Amino acid sequence: MYTEGKVTRKNDLLAQLFSRSVKTEYGALQGNKCWCLLTNAVLPSSTVIGFHLFKWEWSEYVHLLGFEDINDVKTGLPLWKPIEWAFDTSRPRLCFTSDKTFDKFIAKVMHPSVLTKKLVDIGQEQMGTDWKWPPFPLTNPTFQDVDSRALEFDPGRPLRPYKRVLNFQARQARMYAIRHGWQPASWDFEDYLIEGMELSEKLKIWYNSMH
């Protein structure tokens, strides 16, 4: 079952260090600005979050996904606060599937009611007085504008998130969305686990244990 804990502990020094490491290693930091890999926009740095793709409370299970450190930067992504909110929640409203080449990560908004919400409205709601407004063109987009959009990466850096971690979250988000009537049971995606049968079998065991 998809548990209620958030992905990242927001007020923890280690979480802050992790966030900065993720933004740095992905080449997103640009002075007091930061690049969001989904909107492909340069934004006030404090509104771009380098967050855990794998829930912090699941840290004791990281070995099942083939890594040892919950703070491995490949378990994180730098995304604008509204996008992070949709992913990093006890009610996953957004996940990433893959294209047929398994080289691109495609955003899927799981909850239809979220599609019409403005990104800036969610950002302001979540950050309150800490919110910093983006450049004018980014004050109008809704979640509809990022639905089906691919993550963008610095072509000069080989760093990419673990596919198996994104795949796992997408599977959990699918189960949650179907259970709550956000998506029909017919909606599915092709798994993009490429690490081998042994790891896939471990993941299937864990998926089944969470139904």
Side-chain angles (χ1 to χ4, degrees), residues 1-8 10 36-41 43 47-49 51-58 76-128 131 133-153 161 163-193 203 206-208 210-211:
M1 182 176 179
Y2 201 86
T3 51
E4 295 296 313
K6 295 263 183 140
V7 177
T8 302
K10 299 298 185 304
C36 167
L37 273 59
L38 184 59
T39 61
N40 197 27
L43 302 152
T47 66
V48 176
I49 314 298
F51 71 102
H52 288 94
L53 300 171
F54 193 73
K55 282 177 177 283
W56 183 278
E57 65 183 52
W58 293 343
L77 279 175
L79 297 175
W80 198 19
K81 180 61 183 181
I83 311 299
E84 183 258 2
W85 165 83
F87 186 104
D88 182 11
T89 179
S90 60
R91 298 180 178 184
R93 298 169 175 88
L94 181 145
C95 66
F96 291 97
T97 60
S98 184
D99 67 349
K100 292 182 179 180
T101 67
F102 302 119
D103 287 330
K104 291 185 178 181
F105 305 110
I106 313 296
K108 168 68 177 177
V109 177
M110 304 300 288
H111 197 324
S113 70
V114 173
L115 289 169
T116 58
K117 293 183 181 294
K118 282 189 175 184
L119 299 175
V120 293
D121 289 345
I122 295 297
Q124 187 174 36
E125 176 185 302
Q126 293 297 306
M127 297 190 72
W131 173 249
W133 287 90
F136 174 74
L138 286 170
T139 58
N140 291 320
T142 66
F143 279 92
Q144 181 73 65
D145 294 302
V146 296
D147 189 40
S148 300
R149 186 182 178 97
L151 289 170
E152 304 268 355
F153 295 96
K163 292 181 179 180
R164 53 193 183 269
V165 175
L166 285 174
N167 190 99
F168 175 80
Q169 194 273 348
R171 279 282 154 217
Q172 298 307 306
R174 176 183 178 273
M175 289 192 295
Y176 192 95
I178 291 172
R179 188 181 302 127
H180 289 81
W182 299 351
Q183 294 289 330
S186 59
W187 182 82
D188 205 352
F189 63 92
E190 186 174 355
D191 285 310
Y192 48 104
L193 296 167
L203 286 170
W206 195 14
Y207 291 155
N208 292 336
M210 299 181 77
H211 279 291

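Being a predicted model, the structure only gives us computed values, none of them experimental.
Side chain of Arg149 to main chain of Thr39: a donor-acceptor pair is present (N/O by atom type, distance under 3.5 Å, no hydrogens or angles). Side-chain atoms of Arg93 never come within 3.5 Å of backbone atoms of Phe87 as a donor-acceptor pair (strictly under, hydrogens ignored). Distance alone, capped at 3.5 Å, is enough to place a donor-acceptor pair between the Arg174 side chain and the Ala185 backbone. Put simply, the side chain of Gln144 never gets that close to the backbone of Leu115: no donor and acceptor are under 3.5 Å apart.
The two atoms that bring Leu77 and Pro161 nearest to each other are CD2-CG, 4.0 Å, heavy atoms only. Residues Gln169 and Pro92 come closest through the heavy atom pair NE2-CB, 3.8 Å.
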Worksheet item: Can you check side-chain contact (heavy atoms from CB on, under 4.5 Å) on Leu79 and Leu151, steps first, answer last?
Response: CA-CA 10 Å; Leu79 297 175; Leu151 289 170; 4.0 Å; yes
Practice prompt. Take Leu138 and Leu43 through the side-chain contact (heavy atoms from CB on, under 4.5 Å) test and state the conclusion after the steps.
Written response: CA-CA 9 Å; Leu138 286 170; Leu43 302 152; 3.4 Å; yes
Practice prompt. Begin from the C-alpha positions of Val120 and Trp80 and carry the test side-chain contact (heavy atoms from CB on, under 4.5 Å) through to its verdict.
Written response: CA-CA 10 Å; Val120 293; Trp80 198 19; 3.9 Å; yes
Fill in: Chi angles and distances behind the side-chain contact (heavy atoms from CB on, under 4.5 Å) call for Leu119, Val146
CA-CA 10 Å; Leu119 299 175; Val146 296; 4.2 Å; yes
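Lys117 places none of its side-chain heavy atoms less than 4.5 Å from the side chain of Thr142. Using a 4.5 Å cut-off on side-chain heavy atoms (C-beta onward), Phe143 and Ile83 make contact. Within the 4.5 Å cutoff, side-chain heavy atoms of Gln124 are placed close to those of Trp133. Within the 4.5 Å cutoff, the side chain of Ile106 has no heavy atoms near those of the Phe189 side chain. The closest side-chain heavy-atom distance from Asp99 to Glu190 is not below 4.5 Å.
By the side chain to side chain donor-acceptor pair (under 3.5 Å) test, Ser113 pairs with His111, sequence neighbours left out.
Taking the centre and axis of the six-membered ring of Tyr176, the NZ or CZ atom of Arg171 falls outside the cone set by 45° and 6.0 Å.
Classification of Arg164 and Asp191 as a salt-bridged pair fails, no side-chain N sitting under 4.0 Å from a carboxylate O. Under a 4.0 Å N-O distance rule, the pair Lys108/Asp147 does not qualify as a salt bridge.
Atom OH of Tyr192 is separated from atom CG of Asp103 by 12.5 Å, given to the nearest 0.5 angstrom. Separating the NZ atom in Lys81 from the SG atom in Cys36 is a distance of 12.5 Å, to the nearest 0.5 Å. Atom CZ of Phe105 sits about 6.0 Å away from atom OG of Ser98, to the nearest 0.5 Å. Taking SG from Cys95 and CG from Leu53, the interatomic distance works out to 12.0 Å, rounded to the nearest 0.5 Å.
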